[in-house]
Q: 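Before anything else, here's the structure in question.
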Amino acid sequence: MLHANKYDVLSETISEAKKEKINIVWFKRDLRLQDHLPLKNAEESNLRYLCIYIIDPVIMKHPDNSLRHQRFIYHSILDMNKKLDKYDKEVLIFQKETHTVFNYLSKKFSINTIFSYQESGTKLSWDIDKKVTKYCKAKDVNWIQYQRDGIIRGIRNRENWDKNWYINMSEPIIKNTFIKHKKLNFKNPFAIENSLLIDLASYPKDFQPAGEDYANKYLNSFTESRGKNYSKFISKPMESRKSCGRISVYLAWGNISIKQAYQHIKNHSNYAQHKRSFNGILIRLKWHCHFIQKFEVECEYEYRCVNAGYEEVKYTDNSQYIEDWKKGNTGLPLVDASMRCLKQTGWLNFRMRAMLVSVLCHHFDSNWKHGANHLANLFLDYEPGIHYTQFQMQAGTTGINTVRIYNPVKQSKNHDPDGIFIRKWIPELLEVPNNFIHEPWKMTAIDMTILNLELDYVKPKIDIIEAAKAARIKAWGHRKDSIVKREKKRIVKLHTRNNLAKRN
Ligand SMILES: Cc1cc2nc3c(=O)[nH]c(=O)nc-3n(C[C@H](O)[C@H](O)[C@H](O)COP(=O)(O)OP(=O)(O)OC[C@H]3O[C@@H](n4cnc5c(N)ncnc54)[C@H](O)[C@@H]3O)c2cc1C
């Protein structure tokens, strides 16, 4: 019955003369109602407009995608719709292939302009955009894509990039309004299917809540109090959960713009008092865009090594090690605690993310391609432009950065000395005393008898010192490869100001 109704709606085409001329605001990774240029320009036009978000099944099936991302998106839109309801407006969600949605909308309306932000996404998102461009040409629709967060389309080098970024950050914040136009009455034949809706409706309590209000709450609590310890605790797996900005998820899905975050922190009355910490987070906002800019220019990094010379490298790729890593069952307490924590909460600090990659790619000698999508799925703040480039930096396949091999025991002793984070996420180790918490495999049978302990936790399958030694030789050795050297020159020219290479 449901299908028959849908078919009726789809087949009903309005004659050209009767179609209302409208605009469309197409939301992508910009799920907010303020500081939103496409919305502003749609509102200022004399035509009424539809606000749309498309859950494209092709994107849903892509291996980087996970339900937790969709949940965050859905709840961000619910939050937008709660606010828009006051103005009798809403963001319509379509669950259908993007080109089908636009073709259908063209049957109902005469579309004048689609307003959206540029998306610096995966190859798949580019392919979808290309189809929309074709559709726009065929239907004589104007598609205006605005620059997002200072990321520039079509550049060949980084000349003036930093300067332009700062100019972009100092632009006034857009104050969007929604009073000019009346709602368009439209029945959505591609509304979210019930089975997905049920999944999306529930939202795990351990995930950061979605929406503009929460984004601002996190930002405010950072500048008001949490941020004073930003630099001190940035690498601590436990303390950083409070002292870090925790705005990545809001930036990744666009609940706030980079400019809003930048100006809020820079202009805050506590800036002078906590200059070191606040400057620390401000520079990272630029890194955020710097990495996405790389991906904007070369989105192939999702599939291939940043430095093509590393495609030749052979790895052991032990499937059991990779499985253990994914499950948080390696026997290395800080590694397992990090993976389990990430699974439950969707967030980890930078150092723990880097350590996870380091263990997979260096100690376990695995190709980065076996782990990148696993973490992409788990990060609630998954942003392809940062993710694949950062993942590869830690995996040592860029050829331009220092190869960092994080010793997971040393990290544990330095950053979780009392094992608080470890015990929170590995209940098997709850009773293990501090002197063994970082290396429980060192406990002898006598130790366990004395401590009255029965340990139900795996032993690591590798010797971390030997594995790191071998990895170091391998990683640095390959730097001498002629393709790696040639690629290095190309990458530095394309993606860095010459002195930027060392820092990033
Ligand atoms: C393997 C790996 C994968 C990563 N994947 C992602 C990802 O998918 N999405 C994502 O937002 N970050 C990613 N990061 C970067 C970083 O770990 C997170 O941005 C940070 O932990 C988010 O927490 P926060 O908002 O509290 O950051 P803060 O330290 O408070 O920083 C503020 C903002 O600056 C940006 N930022 C911070 N550190 C970096 C960095 N090293 N590189 C680029 N931007 C940065 C983020 O937008 C962040 O929200 C990844 C890092 C690694 C090592």
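The shown structure was predicted, so the numbers you read here are calculated from the model rather than taken from an experiment. Keep in mind that the numbers below use all heavy atoms, side chains included, and drop hydrogens, waters and symmetry copies. As the structure lists them, so they are numbered: ligands from 1, and atoms in each ligand from 1.
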Q: So which protein heavy atom does atom 33 (C) of ligand 1 come closest to, and at what separation?
A: Leu285 CD2, 3.9 Å
Q: Centroid-to-centroid, His362 to Tyr406, below 6.0 Å?
A: no
Q: Calculate, to the nearest 0.5 Å, the distance between atoms CG and CD1 belonging to Leu31 and Ile73 respectively.
A: 6.5 Å
Q: For the residue pair Asp365 and Thr316, confirm or rule out a side-chain donor-acceptor distance under 3.5 Å.
A: yes
Q: Please determine whether a side-chain nitrogen of the Lys or Arg among Arg353 and Asp381 lies less than 4.0 Å from a carboxylate oxygen of the Asp or Glu.
A: yes
Q: Nearest protein heavy-atom contact for atom 40 (C) of ligand 1: which residue, which atom, what distance?
A: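 Looking at atom 40 (C) of ligand 1, the protein heavy atom closest to it is Gln390 NE2, 3.6 Å.
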Q: As a test of understanding, state which of Glu383, Met393, His387 forms a side chain to side chain contact (heavy atoms under 4.5 Å, CB included) with Phe291.
A: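 That would be Met393; it is the only one of Glu383, Met393, His387 passing the side chain to side chain contact (heavy atoms under 4.5 Å, CB included) with Phe291.
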Q: Which option out of Tyr230, Phe350, Tyr382 puts a heavy atom nearest to atom 31 (O) of ligand 1?
A: Tyr230
Q: In a check of side chain to side chain donor-acceptor pair (under 3.5 Å) between Gln392 and each of Asn401, Thr397, Thr398, which one passes?
A: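 Only one option passes, and that is Thr397.
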Q: Give a yes or no answer on whether the side chain of Lys259 reaches the backbone of Pro172 with a donor-acceptor pair at less than 3.5 Å.
A: yes
Q: Considering only heavy atoms of Leu348, which atoms of ligand 1 have at least one such atom less than 4.0 Å away?
A: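 In order of numbering, the contacting atoms are 21 (O).
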Q: At a 4.0 Å threshold, what atoms of ligand 1 neighbour a non-hydrogen atom of Val357?
A: 1 (C)
Q: Consider ligand 1: state whether an atom of it lies below 4.0 angstrom from any non-hydrogen atom of Ala252.
A: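 It does not; every heavy atom stays at 4.0 Å or beyond.
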Q: Among all protein heavy atoms, pick the one closest to atom 8 (O) of ligand 1 and tell me residue, atom and distance.
A: Glu383 N, 3.0 Å
Q: Only heavy atoms count here, so choose which of Gln208, His288, Lys286 is nearest to atom 46 (C) of ligand 1.
A: His288
Q: Test the Lys130-Trp126 pair against the cation-pi criterion, namely NZ or CZ under 6.0 angstrom from the six-membered ring centroid and within 45° of the ring axis.
A: no
Q: Using a strict cut-off of less than 4.0 Å between a Lys/Arg side-chain nitrogen and an Asp/Glu carboxylate oxygen, indicate whether Lys83 and Asp79 qualify as a salt bridge.
A: yes
Q: Number the atoms of ligand 1 from 1 as they appear, then name those within less than 4.0 Å of a heavy atom of Leu251, with their elements.
A: 47 (O), 49 (O)
Q: Quick check on atom 42 (N) of ligand 1 - does any protein heavy atom sit closer than 4.0 Å to it?
A: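 There is a protein heavy atom less than 4.0 Å from atom 42 (N) of ligand 1.
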Q: Starting from atom 37 (C) of ligand 1, find the nearest protein heavy-atom neighbour and note its residue, name and distance.
A: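 Going by distance alone, atom 37 (C) of ligand 1 is nearest to Arg284 CB, 3.6 Å.
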Q: Please work out which of Gly385, Ser248, Ser277 has its closest non-hydrogen atom nearest to atom 22 (C) of ligand 1.
A: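 Of the listed residues, Ser248 has the closest heavy atom.
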Q: State the atoms of ligand 1, each with its element, that fall below the 4.0 Å cut-off from a heavy-atom position in Phe391.
A: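 Counting atoms of ligand 1 from 1, those under 4.0 Å from Phe391 are 1 (C).
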Q: Which protein heavy atom lies closest to atom 26 (O) of ligand 1, and at what distance to 0.1 Å?
A: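 For atom 26 (O) of ligand 1, the nearest protein heavy atom comes out as Arg246 N, 2.7 Å.
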Q: Could you check whether Arg71 makes a cation-pi contact with Phe207, meaning its NZ or CZ is under 6.0 Å from the centre of the six-membered ring and within 45° of the ring axis?
A: no
Q: Is Gly245 close to ligand 1, meaning an N/O of one under 3.5 Å from an N/O of the other?
A: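 Indeed, backbone or side chain, Gly245 has an N or O that close.
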Q: Nearest protein heavy atom to atom 23 (O) of ligand 1, by residue and atom, and its distance?
A: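 The closest heavy atom on the protein side is Trp347 NE1, 3.0 Å.
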Q: For Phe379, counting its heavy atoms only, list the atoms of ligand 1 lying under 4.0 Å from any of them.
A: 3 (C), 4 (C), 5 (N)
Q: Which atoms from ligand 1 have a heavy atom of Ile281 less than 4.0 Å away?
A: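 Under 4.0 Å from Ile281, ligand 1 has these atoms: 30 (O), 31 (O), 32 (C).
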Q: If you measure from atom 9 (N) of ligand 1 to every heavy atom of Ile386, Asp381, Thr389, Asn349, which option wins on shortest distance?
A: Asp381
Q: Are Glu298 and Arg304 close enough for a salt bridge, meaning some N to O gap below 4.0 Å?
A: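 Salt bridge flag = yes for Arg304 with Glu298.
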Q: Would you check whether Ile247 has a nitrogen or oxygen atom less than 3.5 angstrom from a nitrogen or oxygen atom of ligand 1?
A: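 Min N/O separation from ligand 1 is below 3.5 Å for Ile247.
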Q: Report yes if Trp287 has an N/O atom closer than 3.5 Å to an N/O atom of ligand 1; otherwise report no.
A: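 No: no nitrogen or oxygen of Trp287 is under 3.5 Å from one in ligand 1.
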Q: Name the option, out of Arg226, Arg353, His387, that contains the heavy atom nearest to atom 13 (C) of ligand 1.
A: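 Among Arg226, Arg353, His387, the closest heavy atom to atom 13 (C) of ligand 1 comes from Arg353.
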Q: Whether Arg29 engages the ring of Tyr382 as a cation-pi pair (distance to the six-membered ring centre under 6.0 angstrom, angle to the ring normal within 45°) should be assessed.
A: yes
Q: Tell me whether the rings of Tyr388 and Trp368 are parallel (<30°), tilted (30 to 60°) or perpendicular (>60°).
A: perpendicular
